[in-house]
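Input: a single structure, listed below in structure tokens.
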Amino acid sequence: MQHSIIMSTPTLHIILFIVLASLFISTRGDDQSRKDVALFIFGDSVNDVGTNNYINTTADFRANFPPYGETFFRHPTGRFSNGRLIVDFIAEYANLPLIPPYLQMKDDEFMGGANFASAGAGALGDTYEGFVVDLKMQLKQLEQLEKKLEKEMGSERAKKIIKEGVYLISIGSSEYALPFFSNPTLFQSISMEDYVGMVIGNITTVLKGIYEVGGRKFAMIGIGQLGCVPIMRPAENGSCSGEANKLAQLHNVALTSILAKLEAQLQGFEYSYFDYYTSGSERIQYPSKYGFKEAETACCGSGPYRANSSCGGQRGEKEFSLCHDPENYVFFDSDHASERANRQFAQLMWNGSLSIIRPRNLKALFKHEGA
Ligand SMILES: *[C@@H]1O[C@H](CO)[C@@H](O)[C@H](O)[C@H]1NC(C)=O
Ligand SMILES: *[C@@H]1O[C@H](CO)[C@@H](O)[C@H](O)[C@H]1NC(C)=O
Ligand SMILES: *[C@@H]1O[C@H](CO)[C@@H](O)[C@H](O)[C@H]1NC(C)=O
Ligand SMILES: *[C@@H]1O[C@H](CO)[C@@H](O)[C@H](O)[C@H]1NC(C)=O
Ligand SMILES: *[C@@H]1O[C@H](CO)[C@@H](O)[C@H](O)[C@H]1NC(C)=O
């Protein structure tokens, strides 16, 4: 009687294997549909992980030479930092691989997302036109990618990836830096408020464009304390530029108001807004509280505060100095954060409190099933 149900061990092993294998496959399948939320990245040098290596531009818009990348990657990648950027840490926290530049991806190589961000890019089409991939063009590339995905994996699967994906955007700093460098008379012809209004108007158009493609979850990085980055400190006295800080604040107020409006207007639209200004200024004001020793002078560059963007010696000026201990610095070069600062910002975005990432943090944004 017992004999009739006990099989020979080899058969039992095979059946056990099949049962376990199918269990494994089905839970993996569940996990993938539930948890593997793709990450799509847009914007400027805060988010650029190498896009500009693939376009015709100049060293001003590139960081593909040493000492960029020296700390983590041990070689330059195009990231404007000694190591990883905010988006690299966010990908890690979301259990995704490092998200590659869209322009580097080959067909059939979609793995967890795409990065369209281009250093120097702005929301206004004429910001560094011809040297960068502007925000509008980045949206076009998302549209191209969506079509490719539909071809590769079928319409239903592609639409799901687009819909459940998180769209992480950092944009605007390039246009607010323009009046201090290439266009000093800008505010003689337009008020600060109207200029910010143009930038926000263009950002709104692109957010709606991503929504049209199918995107629903938006993570926006506000403008940091722009007037206090080394490159903006006037050489005479080293104080922050009040005018640049005012622009950043005007932008951030307008951006949060438009995000709230879009969430009310557009079915299923959800966002997180990162208060980069406050978290940055905290570290600039009280560096030691966050483990830094230096928050005014950059690690890499030349001149007072190493405010000259000559880091790497490829941007016209060949001379530059480099600190030994970038982890002690808030800024790696004249206008970009060190890896350590980036990690802190990413952690605040991921699971920080609502005073700094609102109305929900990225952990919640990634998890939420959506409408
Ligand atoms: C790249 O830009 C340079 C300078 O603007 C120009 O001379 C060159 O023809 C461009 N090359 C390509 C391939 O577009
Ligand atoms: C953005 O700004 C420029 C002006 O520089 C304008 O020509 C363009 O149509 C605007 N819209 C978008 C979506 O970029
Ligand atoms: C520092 O220099 C700038 C530019 O010349 C000036 O606008 C600002 O008032 C100065 N700040 C102080 C504290 O002296
Ligand atoms: C950097 O220094 C060089 C040489 O002194 C100078 O020609 C250049 O204008 C400086 N650039 C900036 C952004 O200050
Ligand atoms: C927030 O997330 C980071 C990264 O996963 C983790 O190291 C940290 O412990 C988390 N903090 C809290 C309070 O959960």
Side-chain angles (χ1 to χ4, degrees), residues 35 37 39 45 58-63 72 80 83-98 119-120 128 131 166 168 173-174 176-185 187 192 219 225-247 272 274 279 284-285 290-291 296-322 331-336 339-358 360-367:
K35 273 203 252 142
V37 173
L39 179 57
S45 57
T58 67
D60 287 327
F61 301 96
R62 279 190 177 149
F72 180 75
F80 282 75
R84 285 162 288 183
L85 303 185
I86 290 174
V87 296
D88 297 319
F89 291 110
I90 298 295
E92 180 190 323
Y93 302 154
N95 287 317
L96 293 167
L98 288 179
Y128 301 123
F131 294 95
V166 166
L168 204 170
S173 302
S174 303
Y176 300 128
L178 278 182
F180 301 92
F181 302 110
S182 43
N183 193 356
T185 60
F187 293 126
M192 282 188 171
Q225 198 182 26
L226 203 60
C228 299
V229 302
I231 202 172
M232 298 296 285
R233 289 182 185 272
E236 313 89 84
N237 56 31
S239 60
C240 299
S241 160
E243 208 183 16
N245 282 344
K246 188 179 168 203
L247 274 171
S272 295
F274 177 51
S279 46
I284 293 165
Q285 228 183 324
Y290 300 93
E296 292 183 349
T297 295
C299 167
C300 184
S302 56
Y305 305 99
R306 296 196 181 122
N308 191 304
S309 59
S310 61
C311 180
Q314 311 250 336
R315 305 192 180 112
E317 174 58 41
K318 288 202 162 40
E319 297 299 317
F320 68 98
S321 48
L322 175 66
F331 295 100
F332 180 65
D333 75 4
S334 58
D335 60 352
H336 301 99
E339 176 179 87
R340 185 183 200 169
N342 284 332
R343 182 200 297 274
Q344 293 183 4
F345 296 137
Q347 287 195 356
L348 289 170
M349 289 179 73
W350 182 252
N351 56 9
S353 70
L354 298 188
S355 64
I356 212 84
I357 176 88
R358 49 187 178 262
R360 56 183 73 75
N361 60 31
L362 263 63
K363 196 174 174 183
L365 188 71
F366 267 88
K367 239 189 220 160

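As the structure lists them, so they are numbered: ligands from 1, and atoms in each ligand from 1.
- Judged by distance alone, with hydrogens and angles left aside, the side-chain atoms of Ser272 form a donor-acceptor pair with the main-chain N or O of Arg360 at under 3.5 Å.
- Although no hydrogens or angles enter the test, the distance criterion places a donor-acceptor pair under 3.5 Å between the side chain of Arg315 and the main chain of Ala59.
- The shortest side-chain heavy-atom distance between Asp335 and Ser309 does not fall under the 4.5 Å cut-off.
- Near Trp350, meaning under 4.0 Å from any of its heavy atoms, are these atoms of ligand 5: 2 (O).
- Residues Asp88 and Ile86 fail the side-chain proximity criterion, which asks for heavy atoms closer than 4.5 Å.
- For the pair Gln344 (side chain) and Tyr290 (backbone), a donor-acceptor distance under 3.5 Å is present.
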Q: Given side chain to side chain contact (heavy atoms under 4.5 Å, CB included), test Phe187 with Glu243 step by step and report yes or no.
A: CA-CA 11 Å; Phe187 293 126; Glu243 208 183 16; 4.2 Å; yes
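- When heavy-atom distances to ligand 4 are checked against 4.0 Å, the residues falling inside are Asn308, Glu317, ordered by chain and number.
- The distance criterion of under 3.5 Å between nitrogen or oxygen atoms is met by Asn351 with respect to ligand 5.
- In this structure, the side chains of Phe332 and Phe80 stay at 4.5 Å or more apart for every pair of heavy atoms.
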